[in-house]
Peer 1: 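Here it is, the structure in full.
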Number of protein chains: 2
Amino acid sequence: MTVEHHLKDHDLRVTDIRKRIYEYLVDLDTAVSHAELEMVFSNDFDRVTIYRTLNTFLDKGILHKIPTDTGSAKYALCKDHCTTEEHIDDHVHFKCSKCEKVVCLHDLEIPNVKLPENFKANNAVLMYEGLCDKCS
Amino acid sequence: MTVEHHLKDHDLRVTDIRKRIYEYLVDLDTAVSHAELEMVFSNDFDRVTIYRTLNTFLDKGILHKIPTDTGSAKYALCKDHCTTEEHIDDHVHFKCSKCEKVVCLHDLEIPNVKLPENFKANNAVLMYEGLCDKCS
DNA sequence: GTAACTGCAAAATATTTGCATCCTT
DNA sequence: AAGGATGCAAATATTTTGCAGTTAC
């Protein structure tokens with residue numbers, strides 16, 4: 001399926017920046033911050049538009065947001081078919097404390113934890129921190 | 001053990017703001033943001049000093065930082081005896097999407113996930129999101 | 001043609017830093 | 001007494017908003 005189709009599938013108009021950012025993320029195995037995208041695309045697009053593209057992608061279920069303890073969030077492509085209504089990314093994330101990269105471990109599901117009475121979860125985020133395969 | 005002893009245990013001088021914030025957190029069952037502390041303490045202390053106190057407590061292993069997807073981090077007391085060198089908070093967190101509170105589920109350990117080859121984790125954060133016991 | 005998207009300026013929010021003064025030890 | 005802690009001002013970092021002009025459909 002082409003990039004154009006992916007965007008239209010999520011009810012989005014096809015624009016340059018959306019194609020470029022989408023393509024960039026598909027080729028990438030790590031999550032990106034806004035700052036990284038800005039370095040790559042600031043010659044062609046405004047930084048505000050990059051923020052808006054990220055938020056649009058989040059809303060449409062193209063991306064998921066990964067909070068980090070460093071002040072700026074990271075974003076990565078959703079694996080399957082998230083939408084505005086249904087947004088589920090139940091895989092494990094890993095953050096390398098050396099190269100600072102965040103990778104999605106799509107094959108690892110978050111294990112089930114029995115929550116205390118009357119806690120009803122509909123989402124979970126599991127982030128490991130340590131040395132990744134390239135840095136260890 | 002008194003608050004003063006707890007602070008000295010972590011190589012900290014005993015000052016008003018440190019005592020007040022420490023006491024506030026001990027009495028609390030949820031994680032707090034800087035903004036919440038500011039509302040409580042801004043008459044007595046400067047907002048910058050609150051930031052510095054949080055960072056000092058983080059560094060000394062009194063607090064742990066909980067990144068959220070809302071732009072501002074939350075902080076909660078460490079359970080046992082974290083230090084600057086050893087900082088381990090391997091319990092589950094729960095964020096209520098209604099009341100927005102973040103609680104530490106100290107009794108729930110993060111389950112072991114077998115990471116891919118050559119990934120070496122030394123820390124993990126697991127955050128569930130949904131309705132807490134009071135809101136469900 | 002029209003609603004949605006983009007760029008630029010500015011605002012809002014979150015956090016850190018410099019420095020003079022004050023306080024704990 | 002000395003070094004760490006605080007308050008104030010200012011700087012930096014991150015993200016959002018308003019609006020006019022442009023573009024996808």
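Lettering follows sequence order; numbering is per chain, from 1. It should be emphasised that the depicted structure is a prediction, and the values quoted were computed from it without experimental measurement.
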Peer 1: Without swapping roles, check the side chain of His34(A) against the backbone of Arg47(A) for a donor-acceptor pair under 3.5 Å.
Peer 2: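 Yes; judged by distance alone, with no hydrogens or angles, the pair exists.
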
Peer 1: Over how many whole Å does the gap from Leu54(B) atom CG to dA14(C) atom P extend?
Peer 2: 14 Å

Peer 1: Which whole-number value in Å describes the distance from Lys19(B) NZ to dT6(D) C1'?
Peer 2: 15 Å

Peer 1: Within the structure shown, what part of the strands sits under 4.0 Å from Asp44(B) by heavy-atom distance: base, sugar-phosphate, or nothing?
Peer 2: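 Result for Asp44(B) = sugar-phosphate.
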
Peer 1: Taking the minimum atom-to-atom distance to the side chain of Val48(A), which one of dT6(C), dC25(D), dT16(D) wins?
Peer 2: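 Selected nucleotide: dT16(D).
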
Peer 1: Does the dG7(D) base have a donor-acceptor partner in the side chain of Arg47(B) within less than 3.5 Å?
Peer 2: no

Peer 1: Determine the interplanar angle of the His91(B) and His64(B) rings, folded into 0 to 90°, and report it as parallel if under 30°, tilted if 30 to 60°, perpendicular if over 60°.
Peer 2: perpendicular

Peer 1: In this structure, how many angstroms lie between the C1' atom of dG4(D) and the CG atom of Asp59(B), rounded?
Peer 2: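 Roughly 14 Å, once rounded to whole Å.
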
Peer 1: Nearest whole Å is fine: how far is dT14(D) P from Asp69(A) CG?
Peer 2: 13 Å

Peer 1: Can a side chain N or O of Arg13(A) be found less than 4.0 Å away from OP1 or OP2 on dT23(D)?
Peer 2: no

Peer 1: Could you check how far CG of Asp46(A) sits from C1' of dA9(C), rounded to whole Å?
Peer 2: 10 Å

Peer 1: Rounded to whole angstroms, how far apart are CZ on Phe57(B) and P on dA5(D)?
Peer 2: 11 Å

Peer 1: Assess whether side-chain hydrogen bond (donor to acceptor under 3.5 Å, both in side chains) is satisfied between His93(B) and Tyr128(B), documenting all intermediate values.
Peer 2: CA-CA 6 Å; His93(B) 292 102; Tyr128(B) 282 94; over 6 Å; no

Peer 1: So, OP1 or OP2 of dT16(C): does either fall under 4.0 Å of a side-chain N or O from Tyr51(B)?
Peer 2: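 It does not, given that no N or O in the side chain of Tyr51(B) lies less than 4.0 Å from OP1 or OP2 of dT16(C).
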
Peer 1: Take the protein atom NZ of Lys65(A) and the nucleotide atom C1' of dT16(D), then report the distance between them rounded to whole Å.
Peer 2: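 Taking NZ of Lys65(A) and C1' of dT16(D), I get 11 Å after rounding.
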
Peer 1: If you find the nucleotide of DNA chain C closest to Ile17(A) and the one closest to Thr70(B), which residue's nucleotide is nearer the 5' end?
Peer 2: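 It is Ile17(A), whose closest nucleotide lies nearer the 5' terminus.
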
Peer 1: Between Arg18(B) (side chain) and Arg13(B) (backbone), is there a donor-acceptor pair under 3.5 Å?
Peer 2: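 Yes; judged by distance alone, with no hydrogens or angles, the pair exists.
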
Peer 1: What integer distance in Å separates Glu38(B):CD from dT15(C):P?
Peer 2: 11 Å

Peer 1: Would you call Asp44(B)-Arg20(B) a salt bridge at under 4.0 Å N-O?
Peer 2: yes

Peer 1: If you check the Thr15(A) side chain, which of dG18(C), dC5(C), dA14(C) turns out closest?
Peer 2: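 Nearest to the side chain of Thr15(A) among the choices is dC5(C).
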
Peer 1: Which part of the nucleic acid does Ala73(A) contact within heavy-atom distance under 4.0 Å: base, sugar-phosphate only, or nothing?
Peer 2: sugar-phosphate

Peer 1: For dT16(D), does OP1 or OP2 lie under 4.0 Å from any side-chain N or O of Asn55(A)?
Peer 2: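 For Asn55(A), the contact criterion (side-chain N or O under 4.0 Å from OP1 or OP2 of dT16(D)) is met.
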
Peer 1: If you only use heavy atoms from C-beta on, which nucleotide in dG7(D), dC25(D), dT25(C) is closest to the side chain of Arg52(B)?
Peer 2: dG7(D)

